[in-house]
Amino acid sequence: MKRLADYLDKRIYYMLLFTVAVIPLHQEFTAFCVGVTFLAAALVAYVKGRQQPCVLKDWQQLALYVLLVIGVVSLHFSKNQFISSWNFVYVAGQYSALFFVLLRYGWQRPQVFGDTSKGGTGKESMAKLKHRGVGAGARAAGCNGKLTGGVQGLWVRFSTLPRPLQLIGAFLAVSVLVSLIGIAQKLLGVAGEGIWSDPDQFPDLKVRVFSTLVNPNILAGYLVLVISYCTAFFNMTKEHRPWRGVFAAAGALAALCLLYTYSRGNWLACAAMLLAFCVLFCPKAVGPVLAAGAIALALGGPAVLQRLSSITSGEDTSAALRIAYFESTTAVIEDFPLGVGWYGYRFVYPDYNFYLEDTSVIMYHCHNIFLNVCAELGYHGLLVFLLIWWGIFLPAAWRLAYHGRSLWLKAMGRGYVLATVGIAIGGLTDHVYFNTQMGLCFWLLGGLTMLCSKLNNYES
C-alpha cells in the first residue's frame, strides 16, 4: 500500500493540473477527473498522513466545515430530499474534493521548494523559497532568461513555475480554446439547441455562442473570470513583452467571444470589472478601456445596440422575467427563513410562480446568486458563504494585490479582486455559478488565492 501511495503522491499534482484544464470543456468528464484525483489524494493522506503545513487557519477551516454542515442540514427542508441529497453529493462533493486536493498539492513545487518525497519538509521547502525570493520561480521560467526551444523547452519553462502559477496558466491556456470555439460558432452560424433571445425584439440577433459550456450566459460568466486574470497579468508583465502579448491575446479573444454571447448582465459585469481595474490599480487605463468599448460596439453592430437599449426599455421579456423571479424569491425567503434546501428552489418555485402562473415551469435558480443562496440555505447560509468569499478569499487577494512579494503574486491577487467584482455584478442578474463547472471555477480561484497568500506570508 505504501508503494502505491508513493507512486500516486508523485503524480497527483499532474492529475490536478489536468483536471483544472478540463473544467470548462466537459462537465461529466471533469466530475470523473475530480473523483479519481480525490480518491488518489485521500489514499495518500490515509497512508502517509499530512506532509505539509495547513494552508488555511483553524477558523477558516471551521467556516468551510460550517458551510458544508449547513448544506447537509438544509436537505431536511427540501420538498424532494432524495434529488436534493443526490445533487449535494454530486456537486458539493466535487467542490470539496477539488478544494481538498488543491490545498494539499497546489503549493508544493519540488524543483524550487525542495522535494518532500525525499525527506524535505514543507517548512524546509519554503525556507528555500524565502532564500531565493518568491519571484525566483517566475524568473527561472524564462521571464528574464532564454528558451531551450521547442515543446520540450516550453515544458521545462512551465515546470519551473510555482504551482499556483502553473494552475492559473492551465486555466488561461484552455480559455483560448474555449474562446476560439465560441468565435467559430459565430462565424459558422451555429445557433445551438437552446432559444436564448426573442427574435421579435432582437431581429438582428441570430446566434448567441455557448462554446463548450451549457448556454451563452454561463459561457459569459466564465469569460469574465478569464478577462479579469488576463487584465491583471497584462498589467503586471510590463517588463516582459512576450508574456504581455500572450495575456493581451488571450484577453482579447475572451472579450470578443464575450461580445458574441450577447449576455447583457455579463457585459455590465465586465465593464464594472474594468472600471474597478482603472480605479484600484491603473487609472491611466481609462482611455484604452473606453477605446476597447468603442471597438466592441463597432464589431457588434446593431445586435449589440439593440441588446443594450433593451436594458432600460422595459419591453424585454427576459428582464421582466428576472424581476418576477426576484419577487418570487423574496416571497420564498420570507416564508422559509431557514431555506428550502440545497437544490430545493426548483421544487418550491411552482408555488411562487406569480408571473407565468404555470405550475409545469421548472426554474432551477432565481437568476441572482445572493437571493438564491439565501433562499436555499437560509440567512445563516448566505452569511457563512459571504464570510468565506468576502471575509477569507477577498482579503487575502487584496493583500496580495498591493503587498505581493513578486509580480506574479500581485497579479494573482488583482485577478481575484477583479473576478470578485465581475461575479458580484453579474450575480445580480444571473446565477451562472449554479452550473457545476462554474462552481468548480469559483472554488478553484478561491483556493489558488489562499495558496498564494500562504506563499507570500510564509515565515521559516
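Side-chain contact between Leu56 and Leu64: present, with at least one pair of heavy atoms (C-beta onward) separated by less than 4.5 Å. Residues Pro24 and Val174 meet the side-chain proximity criterion, which asks for heavy atoms closer than 4.5 Å. Annotation: side chain of Val226 is in contact with side chain of Cys230 (closest heavy-atom distance under 4.5 Å). At a threshold of 4.5 Å between non-hydrogen side-chain atoms, the residues Cys270 and Ile227 count as touching. Here the side chains of Leu382 and Tyr379 are not in contact, with every heavy-atom distance at 4.5 Å or above. Annotation: side chain of Phe88 is not in contact with side chain of Ser74 (no heavy-atom distance under 4.5 Å). Contact annotation: the side chain of Leu213 approaches that of Gln437 to within less than 4.5 Å [non-hydrogen atoms, C-beta and beyond]. Put simply, the side chain of Cys33 reaches to within 4.5 Å of the side chain of Phe18, judged on heavy atoms.
Residues Tyr260 and Gln185 have side chains that never bring a donor and an acceptor to within less than 3.5 angstrom of each other. Side-chain contact of Asn217 with Arg208: a donor-acceptor pair under 3.5 Å is present, judged by distance alone. Side-chain contact check for Asn80 and Tyr343: no donor-acceptor pair (N or O, by modelled atom type) lies under 3.5 Å.
Under the 3.5 Å distance criterion, the side-chain polar atoms of Ser84 are left unmatched by any main-chain donor or acceptor of Gln81. Although no hydrogens or angles enter the test, the distance criterion places a donor-acceptor pair under 3.5 Å between the side chain of Arg163 and the main chain of Tyr105. The backbone N or O of Asn353 lies less than 3.5 Å from no partner atom in the side chain of Ser328, so there is not a single donor-acceptor pair. Checking side-chain atoms of Asn435 against main-chain N and O of Met438 turns up a donor-acceptor pair under 3.5 Å. Using a distance-only test at 3.5 Å, with no hydrogens or angles considered, no donor-acceptor pair links the side chain of Arg346 to the main chain of Met363. Ser211 contributes a side-chain N or O that, together with a main-chain N or O of Val178, makes up a donor-acceptor pair within less than 3.5 Å. A donor-acceptor pair is defined here as one N or O able to donate and one able to accept, closer than 3.5 Å; such a pair exists between the side chain of Thr19 and the backbone of Met15. Distance alone, capped at 3.5 Å, is enough to place a donor-acceptor pair between the Lys454 side chain and the Cys54 backbone. A donor-acceptor pair under 3.5 Å is absent between the side-chain atoms of Gln94 and the main chain of Val91, judged by distance alone. The main-chain N or O of Leu75 is never found under 3.5 Å from a side-chain atom of Ser78 such that the two would form a donor-acceptor pair.
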Task: Derivation of the ring-ring contact (aromatic ring centres under 6.0 Å, His included) call for Tyr222 and Phe171 - done: CA-CA 11 Å; Tyr222 166 77; Phe171 176 80; 5.8 Å; yes
- [ ] Give the C-alpha distance, both sets of side-chain angles, the deciding distance and a yes or no for ring-ring contact (aromatic ring centres under 6.0 Å, His included) between Tyr416 and Trp398.
- [x] CA-CA 8 Å; Tyr416 191 82; Trp398 188 265; over 10 Å; no
TODO: Start with the C-alpha gap between Asp335 and Tyr352, add the side-chain angles, then the distance that decides, and say whether side-chain hydrogen bond (donor to acceptor under 3.5 Å, both in side chains) holds.
DONE: CA-CA 11 Å; Asp335 292 345; Tyr352 292 84; 2.6 Å; yes
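Rounded to the nearest 0.5 angstrom, Phe326 CZ and Thr329 OG1 are separated by 8.0 Å. Here the straight-line distance linking atom CE of Met412 with atom CG of Leu448 works out to 4.5 Å at 0.5 Å rounding. Distance check: Glu376 CD to Leu338 CG gives 14.0 Å after rounding to the nearest 0.5 Å. Between the CZ atom of Phe281 and the OG1 atom of Thr231 there is a distance of 11.0 Å, given to the nearest 0.5 Å. Summarising the geometry, atom OG belonging to Ser453 is positioned 8.0 Å from atom NZ belonging to Lys57; distances are rounded to the nearest 0.5 Å.
Between His365 and Tyr345, the distance from one ring center to the other does not fall under 6.0 angstrom.
Ring geometry for Phe442 against Trp389 counts as perpendicular: the plane angle is over 60°, on a 0 to 90° scale with 30° as the lower cut. Between Tyr349 and Tyr325, the ring planes lie perpendicular to each other; the angle is over 60°, past the 30° to 60° tilted range.
Heavy atoms from other residues, nucleotides or ligands lying under 6.0 Å from CZ of Arg50 number more than 12. A 6.0 Å sphere centred on CZ of Phe32 holds no more than 12 heavy atoms belonging to other residues, nucleotides or ligands. Residue Tyr7 places its OH atom among 12 or fewer non-hydrogen atoms of other residues, nucleotides or ligands, all under 6.0 Å distant.
Of all non-hydrogen atoms in Thr420 and Leu394, the two that sit nearest each other are OG1-CD1, 3.9 Å. Scanning both residues, Leu259 and Ala296, for their nearest heavy atoms gives CD2-O, 3.6 Å.
With sequence neighbours excluded, no residue forms a side chain to side chain donor-acceptor pair (under 3.5 Å) with Tyr433. A search for salt bridge (Lys or Arg N to Asp or Glu O under 4.0 Å) contacts involving Lys79 returns Asp351, not counting sequence neighbours. In this structure Asn87 satisfies the side chain to side chain donor-acceptor pair (under 3.5 Å) test together with Trp342, sequence neighbours excluded. Residues meeting the ring pair (Phe, Tyr, Trp, His ring centres under 6.0 Å) test with Phe347, sequence neighbours left out: none. Not counting sequence neighbours, the partners of Asp6 by the salt bridge (Lys or Arg N to Asp or Glu O under 4.0 Å) test are Lys2, Lys48.
Applying the ring pair (Phe, Tyr, Trp, His ring centres under 6.0 Å) test to pairs two or more places apart or on separate chains, those with a residue in residues 35-67 are Phe38-Phe100.
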